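Here's the structure we're looking at; comments come further down.
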Amino acid sequence: MLTLIKGGHVVDPASGRNGVGDVWIEDGRINAAPESREPDESFDASGCIVMAGAIDIHSHIGGGNVNTARLLLPEYHKAHLLRPNATPLSNLGWSTHQTGCLYAQMGFTTVVEPAMSPANALHTHLELADIPIIDRGTLAILGNDDFLLSLIRDNASPDMIEDYVAWTVASARALGVKTINAGGSAAFKENVRTFSFDDEVPSYGVSSRRIVKTLQTAVASLGIPHPLHVHCNNLGVPGSFETAATTMGAAEGVPMHLAHLQFYGYGTEGKRRFSSAAAQLAEIVNASPEITIDVGQVMFGQTVTISSDALRQFAARGSARPKKSVIYDGEGNGGGIVPFAYKNDYYGSLQWAVGLELFLLINDPWRVFFTTDHPNGAPFTAYPALFKLLMSREARREAMENLNPQALKHTTLGSLDREYSLEEVAIMTRAAPSKLLGLADRGHLGDGAVADVAVYRRDEDAERMFGAAELVFKNGELVVRQGEVVSLRPGKTLRVATQPDKAIVKKLEGYHQQRYGLSLDWFDFPDWAVGRDEPFGEVPCRT
Amino acid sequence: MTVAWIGNRDAQVPLAIEHATALLVKSRCPVITLDTDVDATRAALALARRAGAVCDTLSDGVRQETALFTSSGGMFIAPTEAIRRADVVLIVGTLPPSAMEFLQKLAQTEPDLAGGKSRTVFSLASGDLPDEVAKVARVISARDTSVSGAAALLRSMHAVRRTAVSLEGFEELGAALAEARFVAIVCSGHGCDALALEMLQGFVSDLNTSVRASMVLWPASERGWGSALVSTWNAGFPLPVSFQSGVAEHDPRRFRASRLIEEGEADVWLHVGSEPVSPPDGIELIVLADVANPIDRAAVTIATAEHDSVVFSGMAGTFVAKAAEASAPSAASVLSQILEQLPEREVAPC
Ligand SMILES: [Zn+2]
């Protein structure tokens with residue numbers, strides 16, 4: 001079947017296309033040269049912008065902690081159903097079904113859940129498989145688990161560590177590796193309450209720095225396309241920009257991704273000792289080509305913070321609104337769920353501004369990624385409003401009128417005139433994520449690419465434009481028309497095909513028998529367990 | 001081999017499915033109760049959406065556990081992590097049979113991540129414990145006090161507040177808590193109601209001001225808790241969830257299955273799971289369970305079996321895959337066949 005999307009303004013940074021033209025789809029793939037054949041179906045895209053489907057690299061959409069948040073907060077979902085537009089979290093996208101639909105309606109076709117505890121991998125994949133339409137991927141968390149910390153303490157060989165990382169990625173069906181407050185959750189279990197980059201986990205004598213460097217090296221030498229995804233220590237703490245700066249300094253030329261940098265963009269100036277350090281961080285990012293970051297923009301309103309950073313969430317639980325929370329000491333990784341409302345007071349205004357400063361001060365759109373750290377900074381349904389803020393300084397000026405002027409004084413936001421172009425938006429949300437995650441088959445409209453296409457009716461108001469796509473195709477199938485979902489096709493979960501060594505499997509089997517009295521089967525699962533036909537898509541390692 | 005019955009008469013499975021479907025089609029208020037695996041829960045939720053039914057668990061313990069989360073949350077630890085870390089264990093209330101192997105492990109092993117400390121086990125209002133556990137557990141007695149009362153006493157005595165009654169044997173526990181590296185409170189909705197669980201969470205919170213402490217919440221029903229979790233992601237709500245109005249709604253009182261059944265609001269009751277059930281008058285009961293005989297007074301009984309399935313495991317603290325072969329159909333496949341035969345209802349927008 002040959003499909004033509006005709007006469008739209010095509011923005012495809014990977015191929016350099018930026019002008020009116022056609023896009024052809026055949027059998028689920030982009031066909032760049034259909035010769036002079038007649039299409040079987042044709043869609044008029046005149047007056048529209050045509051891009052590849054967007055890719056979200058960091059959004060907490062499924063797994064144990066996300067589901068615990070749903071369990072903790074049934075009132076939000078209920079509010080959503082009864083009074084659609086006026087209640088807290090009314091657009092959160094709470095069930096797996098809604099998550100797929102709401103993402104697709106905005107033209108997003110691939111989303112990465114960035115925090116899967118390997119011990120909980122099957123649960124994560126059961127949820128991801130229930131999200132319709134879009135493809136998913138997920139990052140396995142390492143760096144607080146006894147097995148790895150013991151290997152590092154005992155000076156295990158790099159080969160042994162690589163084998164363990166490869167086994168974890170393979171058995172957890174992950175797309176990459178993340179470390180979250182490396183060593184912090186393990187230290188918290190030993191009653192440590194603050195933990196920095198050069199602090200050591202007591203029983204192991206291993207520092208956070210050493211854990212991060214060990215994992216960064218292993219990920220790079222295994223050829224896992226996505227560099228180590230780092231959630232730094234001291235999230236949200238005044239002065240945390242120094243932690244982020246130190247962590248970036250430790251990259252030492254090897255690729256490293258820092259998650260939700262906004263939450264580390266805080267200095268200690270001013271009466272409240274809470275100021276923006278976004279400019280310093282942006283300068284470091286600009287000067288460090290091996291560093292990529294995503295922002296984790298804060299938008300105002302009720303949300304819930306979901307994080308595997310148990311130490312940080314334990315400290316934050318006093319600020320829970322409504323007053324309930326969950327802190328979990330898991331096997332290896334923990335987590336915490338703390339509902340929170342961002343207000344336009346001093347603190348909220350400053351956080352909002354720090355995120356935008358990072359977007360606007362980091363020059364290279366290939367290295368700054370569009371996220372709200374859903375739902376930590378804001379639900380992903382706030383994306384259209386965020387696109388507008390990035391593309392219009394007038395929209396920012398208007399928004400700033402309602403915010404705390406004292407807070408804004410401690411930022412550079414008022415002086416920033418930059419406006420994102422459509423091409424830069426397409427880089428940040430399509431071409432760059434494809435490169436960062438090693439998903440060569442998407443994020444662009446080149447010949448042979450998966451036919452994930454988003455068509456937006458051109459509108460001066462970027463919020464309206466990106467809020468409801470005119471047409472969305474997933475694998476060539478029309479899934480959204482005029483902002484409405486028209487097909488609930490199943491997507492796939494993308495995983496990297498690492499090849500673990502047999503010796504490590506034997507070692508792990510012995511470890512689990514000895515420590516838990518349980519077979520390794522308890523920590524692994526067969527593909528059929530997901531309960532869907534062909535649930536996984538494979539992404540090759542770099543050679 | 002007979003695998004289905006209409007009333008007490010043997011029936012072919014397709015005929016039994018047809019009969020069950022007809023009952024659901026003419027029902028004013030169908031109720032589905034579940035304690036089952038992931039795929040069967042997914043299928044039951046899809047069926048409930050189409051039939052406008054209420055889904056719930058029959059496990060009162062799962063209800064108490066759900067209420068702990070929806071009302072206040074708390075601090076929790078994975079059982080496997082507690083085995084390796086907890087030097088002080090306090091078992092509160094009775095635990096379900098599925099927890100006994102875990103309790104034995106706690107009693108018979110030493111924590112390897114507790115800085116060389118050995119484990120001391122205490123119990124409070126825990127009923128009959130397995131011999132290996134009873135042998136080592138130091139019993140704290142609250143005499144006739146309820147479990148929630150005992151939990152409140154625990155908190156007060158630890159805070160050195162004066163109490164009218166006291167817990168016998170608390171001194172030793174108090175001393176152990178002061179020296180603890182990691183305290184694990186082990187309990188379940190099986191033996192603790194939501195109030196007791198909340199009290200214990202308050203105690204955990206108090207302990208965390210000086211040491212580390214957390215709760216192993218062992219599910220009263222492993223499959224029931226699994227079904228509740230699947231509902232939570234699939235429908236956005238824990239059980240009970242109602243699709244009567246066309247969209248998912250959660251109201252733990254209004255949609256409680258046992259209430260709908262007892263008070264005669266439900267007219268058709270579809271049960272998926274192995275607990276014994278018996279219908280009151282005026283309700284048509286359909287049972288999908290691993291049985292060899294028809295359920296007494298059920299309108300339809302279909303023998304099902306767990307094939308390769310995914311179930312919640314208390315020990316793993318998460319879902320695990322269980323490989324199995326069986327000749328009887330799976331509950332998920334029977335539910336899907338019923339769904340296919342049900343007429344389309346108006347589908348709610350997402
Ligand atoms: Zn995150």
Side-chain angles (χ1 to χ4, degrees), chain A residues 62 64 66-68 70-75 77-78 80-82 94-98 100-102 119-120 122-123 126-127 130 146 188-191 202-203 314 320 323-332 334 337 484-485 488 514-518 521-526 528-531, chain B residues 38-39 42 66 69-85 105 109 112-115 181-182 205 208 210-212 214 228-230 232-238 245 247-252 308-310 312-313 315-323 332 348-350:
Chain A
V66 176
N67 211 41
T68 303
R70 295 186 185 106
L71 193 54
L72 189 70
L73 298 162
E75 60 268 43
H77 184 82
K78 188 167 173 177
H80 169 56
L81 291 166
L82 300 180
W94 210 224
S95 69
T96 44
H97 178 83
Q98 287 173 310
C101 292
L102 291 167
N120 208 14
L122 175 54
H123 178 164
L126 289 167
E127 281 194 40
D130 280 1
D146 170 60
F188 177 56
K189 287 173 182 161
E190 297 192 52
N191 208 16
S203 289
F314 177 77
K323 276 196 155 313
K324 46 184 175 177
S325 62
V326 170
I327 304 296
Y328 180 61
D329 287 296
E331 195 180 287
I337 322 297
E484 298 292 328
V485 169
L488 289 172
Q514 192 199 346
R515 305 296 189 187
Y516 301 105
L518 296 171
D521 291 349
W522 284 65
F523 302 84
D524 200 352
F525 62 90
W528 61 253
V530 179
Chain B
V38 169
D39 267 351
R42 281 166 162 165
T66 302
F69 280 94
T70 57
S71 66
S72 59
M75 297 180 70
F76 303 92
I77 180 169
T80 43
E81 195 66 21
I83 287 171
R84 300 193 60 185
R85 230 168 249 287
K105 271 204 165 83
T109 60
D112 71 310
L113 297 177
R181 259 179 91 97
F182 206 114
S205 189
N208 272 293
S210 54
V211 299
R212 277 311 321 281
S214 196
L229 291 182
V230 175
T232 303
W233 79 65
N234 189 297
F237 291 125
S245 69
V247 292
E249 290 180 272
H250 172 71
D251 184 330
D308 289 350
S309 63
V310 175
F312 190 86
S313 151
M315 182 70 95
T318 185
F319 291 96
V320 296
K322 273 183 62 184
C350 64

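Nothing here was measured: the structure is a model prediction, and the numbers come from that model. Just so we're on the same page: letters track the sequence lines, and every chain starts at 1.
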What part of [X] is in contact with chain A, defined as an atom under 4.5 angstrom from a non-hydrogen atom: side chain, backbone, both or neither?
X        : result
B:Ser210 : backbone
B:Asp308 : both
B:Lys322 : backbone
B:Ser214 : side chain
B:Ala323 : both

To check you understand the geometry: which heavy-atom pair defines the closest contact between [X] and [Y], and what is its length?
X       : Y        : result
A:Pro74 : B:His250 : CB-CD2, 3.9 Å
A:Trp94 : B:Gly236 : CD1-O, 3.7 Å
B:Phe69 : A:Leu72  : O-CD1, 3.2 Å

Problem - Pair B:Ile83-A:Tyr516, side chain to side chain contact (heavy atoms under 4.5 Å, CB included): steps then yes or no - result: CA-CA 8 Å; B:Ile83 287 171; A:Tyr516 301 105; 5.8 Å; no

Handout entry: B:Phe319: ring-ring contact (aromatic ring centres under 6.0 Å, His included) partners, not counting sequence neighbours
Key = A:His123, B:Trp233, B:Phe312

Problem - Partner set under ring-ring contact (aromatic ring centres under 6.0 Å, His included) for B:Phe182, not counting sequence neighbours - result: none

Quick one: what part of [X] sits under 4.5 Å from any heavy atom of chain B, side chain, backbone, both or neither?
X        : result
A:Leu126 : both
A:Ala119 : backbone
A:Ser203 : side chain
A:Asp146 : side chain
A:Phe188 : both
A:Ile337 : neither

Flag the one option from [options] with the top tally of heavy-atom pairs under 4.5 Å to chain A.
options                                : result
B:Ala78, B:Gly115, B:Gly73             : B:Ala78
B:Val230, B:Val211, B:Val38, B:Val320  : B:Val211
B:Asp112, B:Asp39, B:Ile77, B:Thr318   : B:Ile77
B:Gly317, B:Ser309, B:Ala332, B:Ala114 : B:Ser309
B:Met75, B:Lys105, B:Arg42             : B:Arg42

Practice task
Please check if the side chain of A:Lys324 supplies one atom and the backbone of B:Thr70 the other of a donor-acceptor pair under 3.5 Å.
Solution key: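 The answer is yes, because a donor-acceptor pair under 3.5 Å joins these two groups.
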
Handout entry: Side-chain ion pair, A:Glu190 and B:Arg181, N-O less than 4.0 Å
Key = yes

Practice task
Before giving the answer on side chain to side chain contact (heavy atoms under 4.5 Å, CB included), spell out for B:Phe76 and A:Thr68 the whole-Å C-alpha distance, their side-chain angles and the decisive distance to 0.1 Å.
Solution key: CA-CA 11 Å; B:Phe76 303 92; A:Thr68 303; over 6 Å; no

Practice task
Count the heavy-atom pairs under 4.5 Å between each of A:Gly334, A:Gly531, A:Gly517, A:Ser325 and chain B, then report the option with the highest count.
Solution key: A:Ser325

Exercise for the section: To the nearest 0.5 angstrom, please state how far the CZ atom of B:Arg84 sits from the NZ atom of A:Lys189. Expected result: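 Spacing of CZ (B:Arg84) from NZ (A:Lys189) equals 9.5 Å.
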
Problem - Nearest-0.5 Å distance, OG of residue B:Ser313 to CG of residue A:Leu122 - result: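 Separation between the atoms: 11.0 Å.
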
Problem - Between B:Thr232 and A:Asn67, a side-chain donor and acceptor under 3.5 Å - result: no

Exercise for the section: Would you check, one step at a time, whether the test side chain to side chain contact (heavy atoms under 4.5 Å, CB included) holds for B:Val310 with A:Val530? Expected result: CA-CA 8 Å; B:Val310 175; A:Val530 179; over 6 Å; no

Exercise for the section: Apply side chain to side chain contact (heavy atoms under 4.5 Å, CB included) to B:Arg212 and A:Asp329, showing your working. Expected result: CA-CA 10 Å; B:Arg212 277 311 321 281; A:Asp329 287 296; 2.6 Å; yes

